Protein chains: 2
Amino acid sequence: MDSARPTETLHTKIIEDIRNKIVEGHWKPGHQLAKETELATRYGVARMTMNKVLTQLAQEGYVTRRKRSGTFVAQARVQSAVLEINNIGEEVAALGHSYSWTLLNSERRRMSQADLRALGVGRKVVEEEVLYLQGIHFAGNNPFCLETRAINLDVVPTALQMNFSKDVPGSWLLNTMPWSTARHQIRAVNASGRDAQLLDLPTGAACLEILRKTKIGTNWVTYARLLYPGEAHQLIAEFEPRAAGEAP
Amino acid sequence: MDSARPTETLHTKIIEDIRNKIVEGHWKPGHQLAKETELATRYGVARMTMNKVLTQLAQEGYVTRRKRSGTFVAQARVQSAVLEINNIGEEVAALGHSYSWTLLNSERRRMSQADLRALGVGRKVVEEEVLYLQGIHFAGNNPFCLETRAINLDVVPTALQMNFSKDVPGSWLLNTMPWSTARHQIRAVNASGRDAQLLDLPTGAACLEILRKTKIGTNWVTYARLLYPGEAHQLIAEFEPRAAGEAP
DNA sequence: CCCCTCGATATGTCTGTACATGTTTGAGGG
DNA sequence: CCCTCAAACATGTACAGACATATCGAGGGG
């Protein structure tokens with residue numbers, strides 16, 4: 001019949017189908033799925049098979065299940081042992097400081113080559129229309145993080161209607177595009193003139209630079225550059241052993 | 001709250017039992033497990049239940065399964081999307097440079113308070129007997145990483161018989177204690193006098209400092225401090241979305 | 001002697017049934 | 001009217017049987 005597709009089993013296909021519905025936003029976080037028996041008949045499989053599907057999706061974190069209540073799409077977040085810094089406000093609060101955010105600059109424009117370089121984007125041809133933002137996260141009265149960000153207006157046009165002097169762009173994006181994937185580059189750099197000035201640091205102070213690229217499907221959503229004073233900040237990463245080449 | 005143990009189902013207990021055998025080293029990587037049917041009768045369960053156990057262990061990466069051949073304990077490594085730097089040699093090779101390792105210092109002694117501070121160990125009371133090492137990883141002729149390490153001789157006494165001017169301690173430990181867990185702290189620091197000198201950097205250059213604590217069960221195996229010149233090195237981290245509070 | 005084919009075998013997948021467990025819901029009693 | 005308790009219900013777990021599929025190894029043909 002069909003050529004050799006080793007991973008295309010029945011329950012694999014159903015898992016992908018449901019996962020797509022969640023990732024692509026047709027089923028929003030909190031949405032209740034039909035019950036096991038109903039989904040089973042709808043897909044034309046036994047309940048045990050459907051159970052396997054839903055159990056796996058629950059393990060992967062896409063849904064949560066409660067007895068008698070049913071199965072629900074989970075609250076998503078781009079999470080990791082390393083980078084629980086998606087919400088810098090929470091991070092600052094955890095350190096026992098008061099948090100505030102100040103927007104320095106916000107403009108709609110096309111990405112320039114300089115912007116692309118500043119955000120660590122390599123060799124990108126198209127210069128899309130973006131919302132370009134810069135601002136500072138404060139812990140108490142001290143600058144905690146300098147954020148420079150470009151938001152893709154093709155993907156998130158509603159960003160134009162937001163007032164980012166009030167809402168923090170990172171948090172807002174996380175709530176708006178919950179099922180995005182992220183790629184980070186982490187480096188140590190010496191603070192340059194303007195960066196050092198904005199973070200209230202002596203020139204040359206070591207800083208942790210995080211370049212984050214966020215995608216949904218094949219489209220990029222946002223590029224961000226987060227610059228932390230080196231002494232004031234560290235990332236924590238905890239790892240379990242895994243076999244080589246496994247994806248959790 | 002409840003003294004009941006909600007997670008203690010049949011297959012959960014079996015999974016833990018087998019996982020322990022692997023993690024504690026009774027079953028080494030490559031070891032072939034008995035076949036499904038045999039394990040099922042041995043544990044007194046149905047084959048479907050045993051299948052669920054082995055499928056889950058395969059998903060977690062502890063075993064690999066091949067039809068007809070059987071089930072085998074996987075090759076373990078402390079792996080993550082972020083920190084594939086367990087083998088610095090491989091990392092250097094991937095960048096297209098030749099790799100070499102130079103041991104600067106090796107001594108058996110008790111950890112001093114200064115050592116503990118240097119390795120980022122907080123408030124540790126016991127000062128255990130360790131093998132204390134320092135050395136440099138080279139990419140071509142350039143220093144690539146300064147490594148300072150303490151190995152717990154209670155846990156790894158065989159480390160004394162090793163010649164670490166030849167073998168790289170990180171790789172050796174990874175092969176010797178395959179199923180350890182790791183915790184990393186990542187910071188940016190300005191290179192101090194001696195560190196800067198060893199890495200051939202100007203004083204004050206930004207460096208990426210990684211403090212790694214490796215444990216097996218409840219015992220610590222090794223503390224390591226890896227110092228990378230900031231410009232020459234960066235970590236890459238790629239993340240999928242997950243639900244809040246899930247452990248992969 | 002080498003290569004190919006063909007069973008034997010272990011895992012992979014799916015189905016149907018049965019009972020357990022934790023929640024919700026609603027009816028009845030204080 | 002509120003509280004309590006039990007039935008209803010959705011998921012959780014386990015079992016047994018059946019067929020599919022990939023792979024190893026032995027035996028036969030070139």
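The structure presented is a predicted model; accordingly, all values stated were derived computationally and were not measured. Every chain is numbered from 1, with letters handed out A, B, ... down the list of sequences.
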Any side-chain heavy-atom pair of A:V53 and A:I14 under 4.5 Å
yes
Using whole Å, report how far [atom1] of [X] lies from [atom2] of [N].
{"X": "A:Q59", "N": "D:dG12", "atom1": "CD", "atom2": "P", "result": "11 Å"}
{"X": "B:E36", "N": "C:dA10", "atom1": "CD", "atom2": "C1'", "result": "8 Å"}
{"X": "B:L10", "N": "D:dA16", "atom1": "CG", "atom2": "P", "result": "12 Å"}
{"X": "B:L39", "N": "C:dT11", "atom1": "CG", "atom2": "P", "result": "8 Å"}
{"X": "A:R68", "N": "C:dT24", "atom1": "CZ", "atom2": "C1'", "result": "4 Å"}
{"X": "A:Y43", "N": "C:dT15", "atom1": "OH", "atom2": "C1'", "result": "19 Å"}
{"X": "B:R65", "N": "C:dA10", "atom1": "CZ", "atom2": "P", "result": "13 Å"}
{"X": "B:K35", "N": "C:dG12", "atom1": "NZ", "atom2": "C1'", "result": "16 Å"}

Which is more 5' along DNA chain C, the nucleotide nearest A:H11 or the one nearest B:R66? Just name the residue.
B:R66
Can you tell which of C:dT23, C:dT11, D:dA14 lies closest to the side chain of B:T9?
D:dA14
Picking from C:dG22, C:dT9, C:dT23, the nucleotide nearest the side-chain atoms of A:S69 would be C:dT23
What is the distance from atom [atom1] of [X] to atom [atom2] of [Y], rounded to the nearest 0.5 Å?
{"X": "A:W220", "Y": "A:E128", "atom1": "CH2", "atom2": "CD", "result": "5.5 Å"}
{"X": "B:W27", "Y": "B:N20", "atom1": "CH2", "atom2": "CG", "result": "11.0 Å"}
{"X": "A:T71", "Y": "A:L57", "atom1": "OG1", "atom2": "CG", "result": "9.5 Å"}
{"X": "A:I22", "Y": "A:K28", "atom1": "CD1", "atom2": "NZ", "result": "13.0 Å"}
{"X": "A:H11", "Y": "A:D17", "atom1": "NE2", "atom2": "CG", "result": "14.0 Å"}

State plainly whether the residues A:E36 and A:R65 are in salt-bridge range, i.e. N to O under 4.0 Å.
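Salt bridge between A:E36 and A:R65, a charged N being under 4.0 Å from a carboxylate O: yes.
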Could you pick out which residue, A:G70 or B:K67, lies toward the 5' side of DNA chain D when each is mapped onto its nearest nucleotide?
A:G70
Could you check which residues of residues 46-56 of chain B get a heavy atom under 4.0 Å from DNA chain C? Sort them by number, please.
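B:R47, B:M48, B:N51 - these, ordered by number, are the residues of the stretch whose heavy atoms sit under 4.0 Å from the strand.
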